[in-house]
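When reading the values below, keep in mind they use all heavy atoms of this one structure, side chains included, and skip hydrogens, waters and symmetry mates.
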Amino acid sequence: MTVAYLDIEDPDFRPDSADVHKAREANWYARTPRGYAVLRYEPAGELIADRRLRQSTLDFFHAQGITSGPLYDFMRRFLPCLEGEDHARLRGLVSKAFTRRSVDALRPFMREVTHELVDTFHASGRCDFITDFAEPYSARIICTLLGVPEEQHDSFRGWGDDLSLMVSNFVAQHRNRIETALAGLGRAVDALLAKRREAPRTT
């Protein structure tokens, strides 16, 4: 059985590359500098449900020399990094914002945003789907679902872009940028929570 090697630490690595497709056709996993990468949907689902496995983000941080500080402390309490009762408790709280009723109530707004974004590139007939549609769409919908004021959407999207570097292979390299975004997001969320306490509402 052929097991490919994928250099996910190469700055030019792309998960949709021909090499990845070839590796997936040959086997359901591949070797990488960080361990094994699961390349197929069904094995990934089985592994996610396997209680013998654990979340390894902090190990990933340790390998990059990050063992303390604001970013490390945040990740220790980050929902996907928690296990057992702590994970279940926080997931129960968070899931209340993502009920079917909440999502259905936003569907007219989702269609409105979709048409608005498509109109920006409809005339040319071309777009970069991620940059021109997926990123701005998801940011606006999530911000609206969570009750973030429209005038803050761009700020939240910018912080989200920077924080996405937490799951990259270059966390240490971008640590200052990530921690700056983390601080900005924290201040903004604290301010929104204070306003909600003064004037509670459902959205």
What is the minimum heavy-atom distance between V3 and A30, and which atoms define it? CG1-CA, 4.2 Å

Should L58 and V167 be counted in the same cluster of Ile, Leu, Val, Met, Phe, Trp and Tyr side chains packed under 4.5 Å apart? no

Say you draw a straight line from CG of L185 to CG of D190; how long is it, rounded to the nearest 0.5 Å? 9.5 Å

Side-chain contact, heavy-atom cut-off 4.5 Å: P149 with L192? yes

Do other residues, nucleotides or ligands put more than 12 heavy atoms under 6.0 Å from R100 CZ? no

Residues forming a side-chain hydrogen bond (donor to acceptor under 3.5 Å, both in side chains) with Q173, sequence neighbours excluded: none

Please confirm whether the backbone N or O of R140 pairs with a side-chain atom of T144, one donor and one acceptor, at under 3.5 Å? yes

Flag if over 12 foreign heavy atoms under 6.0 Å of CZ, F109: yes

Hey, could you give me each pair passing side-chain hydrogen bond (donor to acceptor under 3.5 Å, both in side chains) that has a residue in residues 175-186? Not counting sequence neighbours. D162-R177, R175-E179

Is it true that R40 and E46 have a side-chain N and a carboxylate O under 4.0 angstrom from each other? no

Check: R157 side chain, A139 main-chain N or O, donor-acceptor pair, under 3.5 Å: no

CG/D12 to OG/S17 distance, rounded to the nearest 0.5 angstrom? 10.5 Å

Please tell me if the side chains of F60 and R34 come closer than 4.5 Å, counting only heavy atoms from C-beta onward. yes

For V148, does its backbone N or O pair with a side-chain atom of H153 as donor and acceptor, under 3.5 Å? yes

Are the charged groups of R101 and D104 less than 4.0 angstrom apart, N to O? no

Side-chain donor/acceptor pairs under 3.5 Å, residues 70-82, sequence neighbours excluded:
unit_1: Y72; atom_1: OH; unit_2: H62; atom_2: NE2; d: 2.8
unit_1: R77; atom_1: NH1; unit_2: D73; atom_2: O; d: 3.3

Report whether V113 and F98 are members of the same hydrophobic cluster (ILVMFWY, side-chain heavy atoms less than 4.5 Å apart, transitive linking). yes

Give the C-alpha distance, both sets of side-chain angles, the deciding distance and a yes or no for side-chain contact (heavy atoms from CB on, under 4.5 Å) between W28 and E42. CA-CA 9 Å; W28 63 271; E42 289 185 359; over 6 Å; no

Whether E25 side chain and N27 backbone form a donor-acceptor pair below 3.5 Å: no

Rounding to 0.5 Å, atoms CG (D86) and CZ (R91) come to a distance of 14.5 Å

Smallest separation among heavy atoms of P136 and I130, with atom names: CD-O, 4.1 Å

Taking T131 for its side chain and D128 for its backbone only, find out whether a donor-acceptor pair lies under 3.5 Å. no

Between W159 and F156, how do the two ring planes meet: parallel, tilted or perpendicular, split at 30° and 60°? perpendicular

Within a strict 4.5 Å, meaning less than it, do heavy atoms of the L117 and D132 side chains meet? no

Listed partners of T67 passing side-chain hydrogen bond (donor to acceptor under 3.5 Å, both in side chains), at least two apart: none

Sub-4.5 Å side-chain heavy-atom contact between V171 and L165: no

If you draw a 6.0 Å radius around NE2 in H87, do more than 12 non-hydrogen atoms from other residues or ligands fall strictly inside? yes

Go through it in stages, so that I can follow the logic: the residues are T114 and F133, the test is side-chain contact (heavy atoms from CB on, under 4.5 Å), and I'd like the CA-CA distance, side-chain angles, deciding distance and then a yes or no. CA-CA 8 Å; T114 297; F133 183 84; 4.0 Å; yes

Verify the neighbour count for atom CD of E151: are there more than 12 heavy atoms of other residues, nucleotides or ligands below 6.0 Å? yes

Taken in chain and number order and not counting sequence neighbours, the residues that satisfy side-chain contact (heavy atoms from CB on, under 4.5 Å) with A44 are V38

Quick one: do K22 and D19 satisfy salt bridge (Lys or Arg N to Asp or Glu O under 4.0 Å)? Show the steps, please. CA-CA 5 Å; K22 183 178 179 180; D19 287 341; over 6 Å; no

List in chain and number order the residues that pass side-chain hydrogen bond (donor to acceptor under 3.5 Å, both in side chains) with Q152, two or more places apart in sequence or in another chain; answer none if no residue qualifies. none

Single-linkage hydrophobic cluster F129~Y137, side-chain heavy atoms < 4.5 angstrom: yes

Atom CZ in F13, atom CG in D7: separation rounded to 0.5 Å? 8.5 Å

On a heavy-atom basis, the closest approach of E9 and P33 is CD-CB, 3.7 Å

Consider only side-chain heavy atoms of I, L, V, M, F, W and Y, link residues closer than 4.5 Å, and tell whether I8 and F61 are in one cluster. no

Take a 6.0 Å sphere around CD of E83 and say whether it holds more than 12 heavy atoms from other residues, nucleotides or ligands. yes

Do Y36 and L53 share a hydrophobic cluster (ILVMFWY, side-chain heavy atoms under 4.5 Å, transitive)? yes

Check whether more than 12 heavy atoms from other residues, nucleotides or ligands sit under 6.0 Å from atom CG of D59, and answer yes or no. yes

